[in-house]
Student: 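The structure that follows is given in the form of structure tokens.
Starting from 1, each residue takes its place in the sequence as its number.
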Amino acid sequence: MMKRKLLFFLAGLMTCLTAGADDVYYCRGGLVGTGDWASTTTYPLTKNAEDIYVGNVKLVSRTEMTSSPTLGWGNRVDLFFDKNLTGSCLSSASGTGRFITPANKGPHKLTTGTGNPFQVGGGEYTVYLDEKNMTVTFECVEAAWLDEVQIIGDLEDCSWVQGDNSLRLKHQGDGIYTGTVNFVAPESHPTYASFRIVAGNANMTEGNYRSATGELRLHLGVVDECDRYYGAGNWTVEPGKWLVTFDMNRRTIRLNDPREPDVVMSRARYELQQAVEAAQEAWPKVDLKDVTAVLENSESTDADLDAARQRIPDIIRAWLRNEMAVSGTSTSPVDGRYLISD
């Protein structure tokens, strides 16, 4: 009887001690010192005064460019969060954009389950998990990068070669890879060459970086976004020798003339530049000074540039209306405004 009372007392005491205790999220995945996806208390996230769960996690660095099966599914490891090691887990709410780099730190939306774990090339990160708003942010402590990545496509001497004999771009630091590449158009499409980048070990299909917006034509100096997971198409380029700059950290691609490596512009600036040149050639008397002022302003945002480009047709129509309205004479009146449709 006494023993039973003692057991009830101890159970009640444990309930009192744990009732006010904060929950803990534990990092799981490909972590240093643990088994892959192991249930472990090695890397806890504990609640701070702002009710944010904070902690550091070290991830296994997958930076070998090899076809070794020990690398699993590619040059990355998984990361997700287990509340009190109960199997109540949080992971990425999106199938894309979940590859974490110093630049792609978030906040990222969370969802329940482990369907889309975050993925990292390795290194160490401080994690800030906001359970209330279901977001997580990663601050890089130490990054891990591949020494090189593969470029696959219509290339001189190694057309669409993937693996040990593929052409490589070399790491220059901060996740930026460069190399001079001679693109050759095949007979099937003689006006352009196409390519993609594989940031992974030699024989894997993961880590394919391609265009985020369909089969996109790249232009000199224009910075375009990449998609790591579900790219809509390969990039295309005018045949010839190009300096390729691939930024895995910021998920961008850029081509330059090797003799002019520092030419850089956004796609919005390029498209406005092309629109202005086309309008000036077709309508040389139209005053586009307001638009060119936006183009020449180095502080113009992409939104400013897009808005200026969209104004060009209205400026041309206004000029045409005015010209037709005043072009008649007293003996031959002309009003051609009805010819201009809105």
Side-chain angles (χ1 to χ4, degrees), residues 9-64 70-146 175 206-207 228-229 248-249:
F9 171 76
L10 290 174
L13 178 62
M14 290 300 295
T15 300
C16 291
L17 290 173
T18 58
D22 286 330
D23 294 318
V24 178
Y25 275 96
Y26 294 97
C27 298
R28 293 178 58 186
L31 315 181
V32 172
T34 72
D36 200 26
W37 278 49
S39 182
T40 173
T41 60
T42 306
Y43 299 103
L45 307 180
T46 56
K47 189 183 291 187
N48 65 14
E50 288 76 37
D51 290 335
I52 305 297
Y53 293 88
V54 183
N56 276 33
V57 59
K58 294 182 178 180
L59 301 118
V60 177
S61 294
R62 293 288 173 83
T63 56
E64 306 169 42
T70 60
L71 288 178
W73 287 100
N75 286 75
R76 52 75 175 163
V77 292
D78 296 327
L79 176 61
F80 60 98
F81 313 102
D82 191 335
K83 190 172 186 177
N84 301 323
L85 293 183
T86 60
S88 178
C89 299
L90 298 177
S91 62
S92 173
S94 172
T96 62
R98 58 191 170 102
F99 186 77
I100 304 306
T101 67
N104 188 33
K105 64 181 185 178
H108 296 272
K109 285 289 186 180
L110 292 165
T111 191
T112 56
T114 59
N116 285 312
F118 292 99
Q119 297 187 326
V120 193
E124 181 178 358
Y125 285 81
T126 302
V127 181
Y128 299 87
L129 191 155
D130 184 343
E131 185 181 45
K132 179 180 178 181
N133 294 305
M134 287 290 282
T135 63
V136 63
T137 302
F138 304 89
E139 290 287 351
C140 182
V141 177
E142 182 179 3
W145 302 107
L146 287 160
E206 281 204 13
R228 179 182 172 94
Y229 293 97
M248 191 192 302
N249 190 9

Student: At what distance, to the nearest 0.5 angstrom, does OG1 of T137 lie from NE2 of H108?
Tutor: 7.5 Å

Student: Is the shortest side-chain heavy-atom distance between V32 and L59 below 4.5 Å?
Tutor: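 With C-beta onward as the side chain, the pair stays apart.
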
Student: Does S94 reach the main-chain N or O of G97 with its side chain, forming a donor-acceptor pair under 3.5 Å?
Tutor: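 Checking the backbone N and O of G97 against the side chain of S94, no donor-acceptor pair under 3.5 Å is found.
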
Student: Distance check, rounded to the nearest 0.5 Å: I100 atom CD1 versus L79 atom CG?
Tutor: 8.0 Å

Student: For the CG atom of L85 and the OG1 atom of T40, what is their distance to the nearest 0.5 Å?
Tutor: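 Rounded to the nearest 0.5 Å, the CG-OG1 separation comes out at 7.5 Å.
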
Student: Between Y53 and D23, is the side chain to side chain contact (heavy atoms under 4.5 Å, CB included) condition met? List the steps.
Tutor: CA-CA 9 Å; Y53 293 88; D23 294 318; 3.8 Å; yes

Student: So which atom in A143 and which in P102 form the shortest heavy-atom distance, rounded to 0.1 Å?
Tutor: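 Result for this residue pair: CB-CG, 3.9 Å.
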
Student: Contact between D78 and W37 at the side-chain level, heavy atoms closer than 4.5 Å - yes or no?
Tutor: yes

Student: What are the two closest non-hydrogen atoms of T96 and Y229, and how far apart are they?
Tutor: CA-CD1, 4.1 Å

Student: Any donor and acceptor pair, going by atom type alone, linking the side chain of T101 with main-chain N or O of N249 inside 3.5 Å?
Tutor: yes

Student: Determine yes or no for a side-chain-to-main-chain donor-acceptor pair under 3.5 angstrom, with N84 supplying the side chain and V24 the backbone.
Tutor: yes

Student: Is there a side-chain contact between Y26 and T42, using heavy atoms and a 4.5 Å cut-off?
Tutor: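 Counting from C-beta outward, Y26 and T42 never come under 4.5 Å.
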
Student: Atom CZ of R28 and atom SG of C89: how far apart are they, to the nearest 0.5 Å?
Tutor: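 One finds 5.5 Å between CZ of R28 and SG of C89.
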
Student: Distance check, rounded to the nearest 0.5 Å: L45 atom CG versus N56 atom CG?
Tutor: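 Reported to 0.5 Å precision, the distance equals 9.0 Å.
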
Student: On a heavy-atom basis, which atom in T111 and which in S92 lie closest, and how many Å separate them?
Tutor: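 In this case the closest contact between T111 and S92 is CG2-O, 3.4 Å.
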
Student: Quick one: do D22 and T46 satisfy side chain to side chain contact (heavy atoms under 4.5 Å, CB included)? Show the steps, please.
Tutor: CA-CA 8 Å; D22 286 330; T46 56; over 6 Å; no

Student: State, yes or no, whether a side-chain contact exists between V127 and V136 at a heavy-atom distance under 4.5 Å.
Tutor: yes

Student: Could you tell me if the side chain of K105 sits less than 4.5 Å from the side chain of Y125, heavy atoms only?
Tutor: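 No - every pair of side-chain heavy atoms lies 4.5 Å or more apart.
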
Student: Tell me whether K58 at atom NZ has more than 12 heavy atoms from other residues, nucleotides or ligands lying less than 6.0 Å away.
Tutor: no

Student: Is there a side chain to side chain contact (heavy atoms under 4.5 Å, CB included) between L31 and V60? Walk through the geometry before answering.
Tutor: CA-CA 5 Å; L31 315 181; V60 177; 5.8 Å; no

Student: Should K109 and T135 count as side-chain neighbours, where that means a heavy-atom distance under 4.5 Å?
Tutor: yes

Student: Answer with yes or no whether the side chains of E131 and Y25 bring together a donor and an acceptor at under 3.5 Å.
Tutor: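 Short answer, yes.
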
Student: Could R98 and F118 be counted as a cation-pi pair, given that NZ or CZ must be under 6.0 Å from the ring centre and within 45° of the axis?
Tutor: no

Student: Test side chain to side chain contact (heavy atoms under 4.5 Å, CB included) on L90 and K83 and set out the steps.
Tutor: CA-CA 8 Å; L90 298 177; K83 190 172 186 177; over 6 Å; no

Student: Looking at side-chain heavy atoms only, is the closest gap between C27 and F81 below 4.5 Å?
Tutor: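 Side-chain contact under 4.5 Å: yes.
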
Student: Is it the case that the side chain of N48 and the backbone of I52 share a donor-acceptor pair, with hydrogens and angles ignored and the cut-off at 3.5 Å?
Tutor: yes

Student: Rounded to the nearest 0.5 Å, what separates atom CD in E124 from atom OH in Y43?
Tutor: 8.0 Å

Student: Hey, does L110 have a side-chain heavy atom less than 4.5 Å from the side chain of S91?
Tutor: no

Student: Verify the distance criterion only: is there a donor paired with an acceptor across the side chains of E50 and Y128 at less than 3.5 Å?
Tutor: no

